2 protein chains.
Amino acid sequence: MAYRETEKMRLRKAGIRQRIFDCAYHRVSQGGFRNASINLVAEDAGVATGSVYRHFESKAELFAEVFREATQIELDKVESALTGQEPALVRLERAIRQFAERALRGPVMAWSLIAEPVDPLVEEERLNYRRSYAEFFERVILEGIEAGTLPPQDAHLSATCLVGALAESLVGPLSPQQQGPVQMPPVGDQSRQKVLIEPIIDFCMQGVSGQRR
Amino acid sequence: MAYRETEKMRLRKAGIRQRIFDCAYHRVSQGGFRNASINLVAEDAGVATGSVYRHFESKAELFAEVFREATQIELDKVESALTGQEPALVRLERAIRQFAERALRGPVMAWSLIAEPVDPLVEEERLNYRRSYAEFFERVILEGIEAGTLPPQDAHLSATCLVGALAESLVGPLSPQQQGPVQMPPVGDQSRQKVLIEPIIDFCMQGVSGQRR
DNA sequence: ATAAAGAGTGAATCAATATTCATTTTTTGT
DNA sequence: ACAAAAAATGAATATTGATTCACTCTTTAT
């Protein structure tokens, strides 16, 4: 024998894989999944088209991974916003406000994650993550019910409704049609954001608590 | 000249167009847009593939029309459920309950209309119709605010949240994955439906009214 | 009956990328 | 330096239905 994979090679391959992944991620964050073909990603990464397939099973796998990475970041933020000693309602409000703010700050990626048409495999990830969001919300709602700060309710359904209300109310403002193909102004100033976000929070908090704010 | 379109011909063409449309509609209602190729629709309708194009601009146009027809029926039902002399909240509840019940009764079509991945042109129709639903809800919310039976709020946002909460909470139960490819039991008995629908209504009514139910 | 015009046909073509794979280049151990 | 092994390449191929269009069949008015 003459060739055996060495540590150096392993590192180089990992680096290339990472570069391909990063370029795919970047493309999506700039122009959505629609603008991210394998050829373009390969070009960005400075490798041949076929090389992408040395590192990823298929296009769908690559972009499912991109989707997971991007969404997990948001999910982590939501989770940590939901964590704390405050009453459940306060934590829910913090999480929802933060999610919406971040979405409006990075509208292209947010739209891709929330609403862009995608491969079935990626769509599956989307459904999984929506369920994950709902599960986090559900847990906090249950805590609130137990602590007596929230009224008894079907926590699972309430959580699902939260996710839906949040997504739907953001889809309009985030959609490329609304934003124009290239969004020059970063979606809107703080006051514009506030006008959008506060009513969402009002609705969601009332839905969960049955209490006027 | 020798040939000029006669009334008889006009009628026959209209009939064929209608038959193609009906077959497309039927295919969607049975197996969603995914199972409705032009070839199959043509076969169902007993015409050649190419003939479909004598009557419809493109596949996307045909199915956009199917989408409109199917959704308009639901929209009309919602509109009439929203109409009446009762307080706004009562009418909203009636409309939402009816929408959800109908969706669960015809889960394949409902899923296609609410969540199935579709052509961009059809997706556009979906967005339009979601906006239409929201507009109807918004009008009623505004009436409620004016009449003093609902608290002041951003009616547009509240309406959008209603649409989102409703859609999201139905997507799970309606999804083919949940249902299995062929849903033998018609989705669930009345009690199952009640368990699903009542919490949705609780959340939505509380979101709009800020009142515990 | 005839021929002009339109309608109907369905096999062939197209389109747009994802994917492959025969070939070339690089790496490694002797 | 050599050759085995693997990695990289990118032009060629595959895929999957939508769409076309040259041809045939019908309808109509004379």
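No experiment lies behind these values; they were computed from the predicted model shown. Proteins get letters first, then strands, A, B, ... in listed order; numbering begins at 1 in each.
- The distance between atom CG of B:Asp119 and atom C1' of D:dA18, rounded to the nearest whole Å, is 10 Å.
- DNA chain C lies under 4.0 Å from at least one heavy atom of each of the following residues of residues 47-59 of chain A: A:Thr49, A:Gly50, A:Tyr53, A:Ser58, A:Lys59.
- The distance between atom CD1 of A:Ile38 and atom C1' of D:dA14, rounded to the nearest whole Å, is 16 Å.
- Following rounding to the nearest Å, A:Arg4 (CZ) and C:dT30 (C1') show an atom-to-atom distance of 14 Å.
- Rounded to an integer number of Å, the gap from CG of B:Asn35 to C1' of D:dG17 is 14 Å.
- In this entry the distance linking CE of A:Met9 with P of D:dA4 reads 20 Å, nearest Å.
- For the pairing with B:Asp44, the side-chain contact (heavy atoms from CB on, under 4.5 Å) check across B:Arg27, B:His26, B:Arg19 returns one residue only, B:Arg27.
- For the 3.5 Å distance criterion, the side chains of B:Glu43 and B:Asn39 fail to qualify, holding no donor opposite an acceptor.
- Not a single salt bridge (Lys or Arg N to Asp or Glu O under 4.0 Å) links B:Arg34 to another residue, sequence neighbours left out.
- The interatomic distance linking A:Tyr3 (OH) with C:dT24 (P) rounds to 20 Å, in whole Å.
- Residue contacts shown for A:Ile16 are limited to sugar-phosphate atoms, with no base heavy atom under 4.0 Å away.
- In this structure, A:Arg12 reaches the C:dT27 phosphate: one of its side-chain N or O atoms is under 4.0 Å from OP1 or OP2.
- The aromatic rings of B:Phe99 and B:Tyr133 lie perpendicular to each other, with more than 60° between the two planes, well past the 30° mark.
- One atom, CD of B:Glu61, and another, P of D:dT19, lie 10 Å apart when rounded to the nearest Å.
- Under 4.0 angstrom from either OP1 or OP2 of C:dT28 there lies at least one side-chain N or O belonging to A:Lys8.
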Side-chain donor-acceptor pairs of residues 117-125 of chain A under 3.5 Å, sequence neighbours excluded:
| from | atom 1 | to | atom 2 | distance (Å) |
| --- | --- | --- | --- | --- |
| A:Glu123 | OE1 | A:Arg126 | NH1 | 3.0 |
| A:Glu125 | OE2 | A:Arg68 | NH1 | 2.8 |

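- Atoms CG (A:Leu11) and C1' (D:dA7) sit 16 Å apart, rounded to a whole Å.
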Trace of the salt bridge (charged side-chain N to carboxylate O under 4.0 Å, His left out) decision for B:Glu74 with B:Lys77: CA-CA 5 Å; B:Glu74 301 307 314; B:Lys77 296 248 175 214; over 6 Å; no
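- Judged by distance alone, the side chains of B:Glu65 and B:Tyr25 never bring a donor and an acceptor atom under 3.5 Å apart.
- Between A:Glu5 and B:Ala60, it is A:Glu5 whose nearest contact on DNA chain D lies nearer the 5' terminus.
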